[in-house]
Amino acid sequence: MRPLVTLKLATSLDGRIATASGESKWITGEAARTEGHRLRASHDAILVGVQTILADDPELTARLPGRPVDQPLRVVLDSRLRTPATARVATGDTLILTASEPVAIGTARVEQVDAAEGRPLPAAALAAIRRRGATSVLIEGGGQVAASFLRAGLVDRIEWFRAPILLGGEGRPCVAALALAKLGDAPKFRRVSAEPVGDDLWERYDALR
Ligand SMILES: NC(=O)c1ccc[n+]([C@@H]2O[C@H](COP(=O)([O-])OP(=O)(O)OC[C@H]3O[C@@H](n4cnc5c(N)ncnc54)[C@H](OP(=O)(O)O)[C@@H]3O)[C@@H](O)[C@H]2O)c1
């Protein structure tokens, strides 16, 4: 069975995850970011696309004040192995899933999986993550990776933190193109809760299938 997939979004009111220049730190406030760390700690794996690694060089660890945390497996989708050996995720336990012949990148494990149009398939990525023993995955972006999993019908839940700012049409969308032919094809969700967290709004959704 594939892992449960949660998509975490931290966006502006208009659903942007970064400015046009790629600046994204920080759109949401501290309270929302603490909830983000709790979400990381409650999942077995965290997954991002290589553009997020190149833009932000995130550590992708769960950090909660005053208590040790079992760290989730970090997973990067990186078709052409652009993750720098100096990236923070290139140390420790990280799985880099690629469409290319594997080469060493720091201490990460690099694994070739089935691909389409030169990119690892979301289903193949989930199978590789499951083989590592993970039963839940938190997708943390960016927009292209979110769109790939949504297009494949592989998002079970959304955890959406929305900050009261507007970034406009030139900002980076939280979900890239879905190539929808008609409204009926749109991925659909049911809201299960909505609550304030600091100045932000935290909405939770389950997929409708
Ligand atoms: N606000 C937030 O919380 C937040 C969170 C995360 C990211 N961000 C921002 O989002 C921006 C990056 O987002 P992004 O949409 O440009 O990139 P992204 O989704 O992080 O990465 C996309 C890249 O991943 C690779 N990839 C490999 N397999 C893929 C697959 N199956 N589907 C999709 N991509 C695949 C592709 O490059 P290759 O084909 O070369 O491998 C693709 O260009 C940055 O500016 C970052 O700061 C913000």
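Atoms considered below: every heavy atom in the structure, side chains included; atoms not considered: hydrogens, waters and symmetry mates. As the structure is a computational prediction, the values presented were derived from the model and not from experiment. Whatever order the structure lists ligands and atoms in, that order sets their numbers, starting from 1.
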Which atom pair, heavy atoms only, marks the closest approach of R2 to L126? CD-CD1, 3.7 Å
Which side-chain N or O atoms in residues 95-102 pair as donor and acceptor under 3.5 Å with protein atoms at least two apart or in another chain?
| residue | atom | partner | partner atom | Å |
| --- | --- | --- | --- | --- |
| T98 | OG1 | D78 | O | 2.9 |
| T98 | OG1 | S79 | O | 2.7 |
| T98 | OG1 | S100 | N | 3.0 |
| S100 | OG | S79 | O | 2.5 |

With a cut-off of 3.5 Å and sequence neighbours excluded, list every side-chain donor-acceptor pair involving residues 168-192.
| residue | atom | partner | partner atom | Å |
| --- | --- | --- | --- | --- |
| R172 | NH2 | A20 | O | 3.0 |
| K182 | NZ | D185 | OD1 | 3.4 |
| K188 | NZ | G184 | O | 3.2 |
| K188 | NZ | A186 | O | 3.1 |

Just by modelled atom types, is the L64 backbone N or O under 3.5 Å from a matching donor or acceptor in the H37 side chain? no
Given R204, R40, R38, the one that forms salt bridge (Lys or Arg N to Asp or Glu O under 4.0 Å) with E159: R204
Considering only heavy atoms, which protein residues lie less than 4.0 Å from any atom of ligand 1? A10, I17, A18, G22, S24, G49, V50, Q51, T52, A55, D56, L77, D78, S79, R80, R82, R119, P120, E140, G141, G142, G143, Q144, V145, S148, R172
Ring pair (Phe, Tyr, Trp, His ring centres under 6.0 Å) with F149: which residues, sequence neighbours excluded? none
